[in-house]
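Right, one structure below, let's go through it.
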Amino acid sequence: MSDDSRNIEQPDMQESRPKTPSRMAEGMAMHRLAETMLPEDVRIFSDPYAVHFINPEILKFAAEHPRKAEQKVREMKNLFPGLGNSIRARVKYFDLVLNECISHDFAQLIILGAGYDTRPYRTPEIDHNFKVFEVDHPETQSVKKEIIRRIFGTLPDNVTYIPLNLETGDLDVALSSSCFSELKKTLVIMEGLIMYLSSDSIHRIFQYFSKECPVGSKILFDYYPESVVSGEKNEYAKNIVKFTQLNGEPLKFGIPDHAERNFMSQWNFADIRIIRSEEYKNLLFTGKNADRSVCDFLSFMEVTI
Ligand SMILES: C[S@@+](CC[C@H](N)C(=O)[O-])C[C@H]1O[C@@H](n2cnc3c(N)ncnc32)[C@H](O)[C@@H]1O
């Protein structure tokens, strides 16, 4: 592949507030829909609401031109080998951690960069006493709220929507002026988020939760190494860099290669668990799924406060 990513007009990295809803969030919903459409004995999760977050024109195109749609999927798989499966493994793995937390008396879930995450609506274990806080750019969140209202007729009482740019807004002020309780065990999910934030914002976020959440709370997120975000790792990394730039949501942050524990040590977390691609593949893609390859760029981290 030719490296013409350097010729792409670079979006202004200071201007991180999108004027339109996140296309990446829609892309994630597409992965969830595609997984949901697999045969029952193959799919690793089911998301009945994902379809509502996809542009109807795209769904119409796929229904009318299945061959062309399949060709597109093949092209994406060639550009980003295994990444789709890693994204779907991430959904399943994060679902498992959420359920584990709920069964261990966690009372709150904060989803930063929630996009069109449907966990608060499709997780039977989340009842009306379990508080959820969804944070995202106002442009993306307002679309989400409109769609949730359309699906359910109303917004759920237990979900608080916080429209906030995590780069420029104050998460501390936003959460403390909501019904978030600093006394209750909390799971913080950042799924497909930190690669889109500046290093400063990420430091603020970890600093805030390490101080404001009670002991035993968790932060769950995924990340790329620095060499992927810079594109230096290989041609597939360059493809990711280029694709995200073209979609107006450029990658900004990667954790220093092979130095995750050192990077995380600055916040004195009680425990850090790194889940690399090999581990989540072995855990989630077994039996009929054993030949589903994953992308070794994407790792998950489960941090206990
Ligand atoms: C790849 S999408 C992931 C969405 C969702 N977590 C999921 O996995 O389906 C990234 C999300 O992060 C949000 N995001 C990126 N930068 C942000 C910022 N500075 N402030 C708030 N949200 C942000 C985007 O709007 C988008 O919804």
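As a basis for the values below, the full set of heavy atoms in this structure was taken, side chains included, without hydrogen atoms, waters or symmetry mates. Whatever order the structure lists them in is the order used to number ligands and atoms, beginning at 1.
Close approach of ligand 1 to Ala25 (heavy-atom distance below 4.0 Å) involves ligand atoms 2 (S), 27 (O). The ligand atoms of ligand 1 that sit less than 4.0 angstrom from a heavy atom of Gly113 are 4 (C), 5 (C), 6 (N), 11 (C), 12 (O), 13 (C). Within ligand 1, counting atoms from 1 as listed, the ones closer than 4.0 Å to a heavy atom of Ala114 are 4 (C), 5 (C), 6 (N). Atoms of ligand 1 lying under 4.0 Å from any heavy atom of Asn165, numbered from 1 in the order shown and given with element: 18 (C), 19 (N), 20 (N). In the vicinity of Gly115, heavy-atom distances shorter than 4.0 Å reach the ligand 1 atoms 4 (C), 27 (O). Those atoms of ligand 1 that come under 4.0 Å of a heavy atom in Arg32, given as number and element, are 9 (O). Those atoms of ligand 1 with a heavy atom of Leu193 less than 4.0 angstrom away are 12 (O), 14 (N), 15 (C), 23 (C). Atoms of ligand 1 lying under 4.0 Å from any heavy atom of Gly192, numbered from 1 in the order shown and given with element: 1 (C), 2 (S), 3 (C), 10 (C).
Side-chain contact of Asn289 with Arg292: a donor-acceptor pair under 3.5 Å is present, judged by distance alone. No side-chain N or O of Gln207 forms a donor-acceptor pair with one of Arg204 less than 3.5 Å apart. Side-chain polar atoms of Asp47 and Thr118 form a donor-acceptor pair below 3.5 angstrom. Checked by atom type, the side-chain pair Glu167/Ser198 shows a donor-acceptor distance below 3.5 Å.
Arg23 and Glu249 are not joined by a salt bridge, as no carboxylate oxygen comes within less than 4.0 angstrom of a charged side-chain nitrogen. A salt bridge does not link Arg119 to Glu125: none of the charged side-chain nitrogens sits closer than 4.0 Å to a carboxylate oxygen.
Side-chain heavy atoms closer than 4.5 Å link hydrophobic residues (I, L, V, M, F, W, Y) into clusters, and following such links, even through other members, never connects Ile189 to Phe133.
Polar contact check, Asp117 against ligand 1: no nitrogen or oxygen pair lies under 3.5 Å apart. Taking only nitrogen or oxygen atoms, main chain and side chain alike, Leu112 does not reach within less than 3.5 Å of ligand 1. Taking distance alone, with nitrogen or oxygen atoms compared against 3.5 Å, Glu249 stays at or beyond that limit from ligand 1. Where the criterion is an N or O separation shorter than 3.5 Å, residue side chain and backbone included, Glu191 meets it with respect to ligand 1.
Without hydrogens or angle criteria, Lys252 side chain to Ile194 main chain gives no donor-acceptor distance under 3.5 Å.
Under the 30°/60° scheme for interplanar angles, the aromatic rings of Phe243 and Phe80 are found to stand perpendicular. Using cut-offs of 30° and 60° for the angle between ring planes, the Phe206 and Trp267 rings count as tilted.
The option with the heavy atom closest to atom 24 (C) of ligand 1, from among Ile87, Asp136, Thr168, Thr20, is Asp136. In this structure, of Ser22, Pro138, Gly169, the residue bringing a heavy atom nearest to atom 26 (C) of ligand 1 is Ser22.
If you look at Met28 next to ligand 1, the close heavy atoms, those under 4.0 Å, all belong to the side chain. The part of Thr140 lying near ligand 1 is the side chain, judged by heavy-atom distances below 4.0 Å.
Residue contact check for ligand 1: Leu164 places a non-hydrogen atom closer than 4.0 Å to it.
Among residue pairs with one or both ends in residues 279-305, those qualifying as ring-ring contact (aromatic ring centres under 6.0 Å, His included) are Tyr93-Phe300, Phe94-Phe300, Tyr280-Phe300; sequence neighbours excluded.
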